[in-house]
Each structure stands twice: as structure tokens, then as C-alpha cells.
Amino acid sequence: MSRIIDLTEHSGAYAARLLAETGHDVIRVEPPEGDPLRRLGPYLGGKPGLEKGSYHQFMNAGKRSLTLNLKSPACRKIFLDLVKSADAVIANLPLPVDEAVLLEARSNLVLIKIEDGEPELCAVARSGLLAITGHPRERPVLLGGHVVYAAIGLHVAVAAAVALYVLKQTGAGQVVSVAAQQCLQALAEQTMVAYTSTGKVTERRGYRGAITAVSGAFPCADGYWMVSVPHTPEGWGKFMDWVKDPVLMEDKALLDEAERNAKKDLILDRLEEWSKKFKKAEIVAEAQRRHIPASPVSTALDLAHDPQLIARGFLTEIDHPLFGKILFPVGAIASVLGRKLELAPRLGQHSAEILAELGYSAADHQALLKTMAM
């Protein structure tokens with residue numbers, strides 16, 4: 001496995017975490033005061049602190065932490081010694097150390113540069129994703145959570161993995177630029193294909209889906225569920241055998257999908273009232289029993305208690321020295337490989353260890369600490 005230096009922000013930190021899941025030695029180089037990710041809430045225990053940030057605990061799991069003030073000549077020398085020992089550097093632009101200096105330290109270095117360009121909200125707006133998110137003829141709806149960072153991080157991790165494979169096979173390093181904007185626009189490629197081939201602009205589907213006439217998200221007693229009734233007469237018949245709506249069953253023309261599309265609003269309005277009688281789990285279970293495609297609209301609470309995620313090891317209870325037992329995502333890659341990631345490192349936790357690997361003594365480490373404290 002490779003040694004990777006992590007000099008990233010949010011999206012890149014997720015990419016480096018994915019590489020840590022695969023077993024690479026990922027060293028996160030931070031300033032003595034800690035990086036911004038440590039200050040990003042929410043906080044475990046409810047109070048801010050460098051070790052309490054939830055995203056830090058997740059994004060930096062499995063990594064080692066080395067604190068260096070890269071403006072200090074002594075620290076820059078140590079950093080370049082670290083680069084000489086590493087296979088890759090992943091960093092957001094602007095680089096804290098010039099590219100030429102990094103490549104002089106190791107000529108066959110894999111250098112992954114992340115071009116962020118715009119703030120998260122502006123980037124997702126420019127990408128084209130907001131034009132297909134939300135309700136028809138209404139204003140765009142923002143994506144929930146930090147999906148943007150996850151999408152960019154996946155692309156960065158793939159780019160790094162491919163470049164490291166080439167390094168292993170040929171000994172040749174690479175400098176790879178990953179533009180955050182293009183990562184997001186790649187998610188909207190199908191809308192571009194639809195337009196360039198047909199001249200039609202993909203419209204928002206909203207909560208009433210457009211895959212089949214009878215599809216979308218419907219309210220139930222404790223949340224929402226998603227259903228897509230097959231477009232065939234048999235599919236509609238199976239659904240009506242279950243729903244038993246007298247108005248819809250009486251209209252035999254609804255056996256035709258085109259007719260269902262024409263009367264879509266009437267159908268969906270009646271189904272909304274019907275589905276409110278059931279709880280999410282029971283209505284989905286019954287739909288699946290009848291071989292009708294359906295799924296709960298899962299919340300974070302649902303996912304945190306999902307028996308499948310727990311059984312597969314994606315979610316694992318960890319015993320944190322500061323916060324006790326908490327449930328945390330191990331990650332899809334780590335769970336498949338059967339790896340257990342170490343907890344996110346305390347600030348500078350591995351500095352002495354890494355310096356020793358580079359040939360520095362304990363006295364050198366103490367001198368370095370005094371230098372950074374000045």
C-alpha cells in the first residue's frame with residue numbers, strides 16, 4: 001500500500017478517507033492550531049472543540065495526524081522529507097508548497113490537485129443539478145447535506161487510485177487536476193445527452209415522479225414512501241387489487257398507461273389520501289410482497305438503525321475515549337474489505353511517530369514543538 005499526504009479541505013478529505021479505507025497510509029498534515037475541518041459542526045457532546053467535530057471524526061478516521069507550520073523553514077524541510085517518502089500528495093489549490101518544489105523532492109510523485117473554484121452552493125447551481133431538482137415550474141431546491149463534497153471526493157479518490165496504479169505498474173508519477181465543477185457536471189451528463197439528441201430540456205419531476213404514470217413520493221402515517229407502479233395493465237391491476245379505490249377501479253380506461261398519464265393528478269391525489277392510513281414500513285413491506293417496486297424515504301434516523309447496514313458492518317459501534325459508545329459509518333469500502341478504521345486522530349497525535357520514521361530523534365521532535373509554539 002502507498003503513503004499518501006493529505007493536504008485537503010472538505011471534499012478532498014473525504015477522498016483521502018476512502019483511500020484510508022482501502023488500507024493506504026494516509027498522513028493528514030495540519031497547522032499547529034488544527035485545520036478548518038476540525039471546527040466544522042455539529043459537535044459530539046454539543047460543545048465546540050478541536051476533537052469534537054463530527055465531520056472531523058468521520059472524514060479523518062483511519063488517518064494519522066502530523067502538525068507542521070509550513071511557513072517555518074524547519075517544518076518545510078521535514079515536510080519535504082515526508083514527500084520524499086510518500087507516493088502521493090492530495091491537496092486543494094492553492095498548494096501550500098509550490099508544485100515544482102514537491103516534484104523536486106520526488107520526481108515520480110503522484111500529485112492530485114483539486115480545483116474548487118466556487119463555494120458549495122454556487123458550484124451546485126452552476127453544475128446543472130438544481131435545474132432538475134425540485135417541483136415543476138417552481139424555484140430550484142437545494143440538495144440536502146453535503147452531497148456535493150461526497151460527489152467530488154469520489155472522483156478525486158478514483159483519480160488518485162488510477163494514478164497510484166500507474167505508479168505501481170510503470171514507476172511513473174503524474175500530476176492530475178480534478179475540477180470540482182466538472183465532477184458535479186458529470187452527474188448531469190444524461191440531461192446534456194437528452195438535450196443534444198432531442199432538443200428537449202429535462203424538467204424537474206418533483207415528488208410526483210415521471211418514470212411511470214403512477215410513481216412518486218407519497219405521505220404515510222410516519223413519513224413518506226416511494227412507489228413506481230409498473231406501466232403494464234397487469235401492473236396497474238395488481239396495484240388496484242391492493243388499493244381497491246372504487247373511483248379508480250370503475251374507470252376501465254385506466255388500464256392504459258396513456259390514460260393514466262392524462263389523469264395522473266386525479267390518481268395521485270386519491271392515492272395520497274389512501275397511503276396516509278399506513279405506516280412506512282408496513283406499506284412498503286406489503287408493496288414488495290405484491291412485487292410492486294417501493295421503498296421507504298429513509299431519514300438519517302432510519303439509516304442509523306437500519307439492520308442491513310449494521311449487519312453488513314457499514315455502521316459500527318465504536319468506543320470513543322472522549323464520547324463513549326457511538327454509532328459511526330465505517331464506510332462501504334472498509335466494510336467490504338473487513339477493515340476496522342482507527343478513530344480520527346487527535347491533533348498531532350502521530351507527529352513523534354512519523355518523525356521517527358523519517359529519521360528524526362525525540363530531541364528533534366521536542367525542538368520542533370518549541371519552534372511551533374513561538
How long is the gap from CD1 on Ile354 to NE2 on His365, to the nearest 0.5 Å? 10.0 Å
Check whether Thr170 reaches the backbone of Leu167 with its side chain - one donor and one acceptor, N or O, closer than 3.5 Å. no
Distance in Å, Ile283 CD1 paired with Gln288 CD, rounded so as to fall on 0.5 Å steps: 11.5 Å
Report the C-alpha distance between Val162 and Gln174 in whole Å, list the side-chain angles of each, state the deciding distance to 0.1 Å, and finish with yes or no for side-chain contact (heavy atoms from CB on, under 4.5 Å). CA-CA 10 Å; Val162 172; Gln174 295 184 67; 5.6 Å; no
Is it true that Arg260 and Asp256 have a side-chain N and a carboxylate O under 4.0 angstrom from each other? no
With a 4.0 Å cut-off on N to O distance, would you call Lys276 and Glu272 a salt bridge? no
Could you tell me whether Glu282 and Lys279 have a side-chain N and a carboxylate O separated by less than 4.0 Å? no
Counting only heavy atoms not in His231 (residues, nucleotides, ligands), do more than 12 fall under 6.0 Å from its NE2? no
Donor + acceptor pair across side chains of His320, Gln57 (<3.5 Å): yes
Tightest non-hydrogen contact, residues Gly153 and Leu18, listed as O-CD1, 4.4 Å
Flag, side chain of Arg38 to backbone of Glu51, donor-acceptor distance under 3.5 Å: no
For the hydrophobic clusters of this structure (ILVMFWY residues joined by side-chain heavy atoms under 4.5 Å, transitively), does one cluster hold both Ile292 and Met226? no
Donor-acceptor pair, distance only, cut-off 3.5 Å: does the side chain of His155 make one with the backbone of Ala151? yes
Here the pair of heavy atoms bringing Thr212 nearest to Val229 is OG1-O, 3.1 Å
Rounded distance [0.5 Å steps], OG in Ser335 versus CD1 in Ile310: 13.0 Å
Nearest 0.5 Å please: distance from the CD atom of Glu30 over to the CG atom of Leu37. 8.5 Å
Donor-acceptor check, side chain of Asn108 to backbone of Gly171, threshold 3.5 angstrom: yes or no? yes
Quick one: do Lys238 and Glu234 make a salt bridge, cutoff under 4.0 Å? no
Closer than 3.5 angstrom, by distance alone: can the side chain of Thr316 be matched with the main-chain N or O of Val330 as a donor-acceptor pair? no
Trp242 vs Trp274 aromatic rings, parallel, tilted or perpendicular, using cut-offs 30° and 60°? perpendicular
Using 4.0 Å as the upper bound for N to carboxylate O, is an ion pair formed by Arg3 and Asp87? no
Do His24 side-chain atoms and Ser2 backbone N/O form a donor-acceptor pair below 3.5 Å? yes
Shortest non-hydrogen pair, Leu341 vs Ala61, comes out as CD1-O, 4.0 Å
Quick check on Glu353: does its CD atom have over 12 non-hydrogen neighbours (other residues, nucleotides or ligands) under 6.0 Å away? yes
Look at Arg17 together with Asp6 and state whether they make a salt bridge at an N to O cut-off of under 4.0 Å. no
Ignoring hydrogens and geometry, is there a side-chain-to-backbone donor-acceptor pair from Ser275 to Pro219 under 3.5 Å? yes
Could you tell me the separation between the SG atom of Cys75 and the CG atom of Asn69, rounded to the nearest 0.5 Å? 5.5 Å
Restricting to non-hydrogen atoms, name the atom on Asp319 and the atom on Leu343 that form the minimum distance, rounded to 0.1 Å. O-CD1, 4.3 Å
For the side chain of Thr8 and the backbone of Asn92, is there at least one donor-acceptor N/O pair under 3.5 Å apart? no
Ring center gap for His10 and Tyr55 short of 6.0 angstrom: yes
Polar side-chain atom of Asp364 near backbone of Ser361 as donor-acceptor pair, under 3.5 Å: yes
Are any side-chain N or O atoms of Glu21 and backbone N or O atoms of Ile333, one a donor and one an acceptor, separated by less than 3.5 Å? yes
Do Ser65 and Arg346 pair up side chain to side chain, a donor and an acceptor below 3.5 Å, judged on atom types alone? no
Heavy-atom pair with the smallest gap, counting every atom of Leu358 and Asp81: CD2-O, 3.9 Å
Ionic contact status for Arg64 with Glu357, cut-off 4.0 Å: yes
Could you check whether Asn60 and Lys63, counting side-chain N and O atoms only, form a donor-acceptor pair closer than 3.5 Å? yes
Could you tell me the separation between the OG1 atom of Thr299 and the OH atom of Tyr224, rounded to the nearest 0.5 Å? 12.5 Å
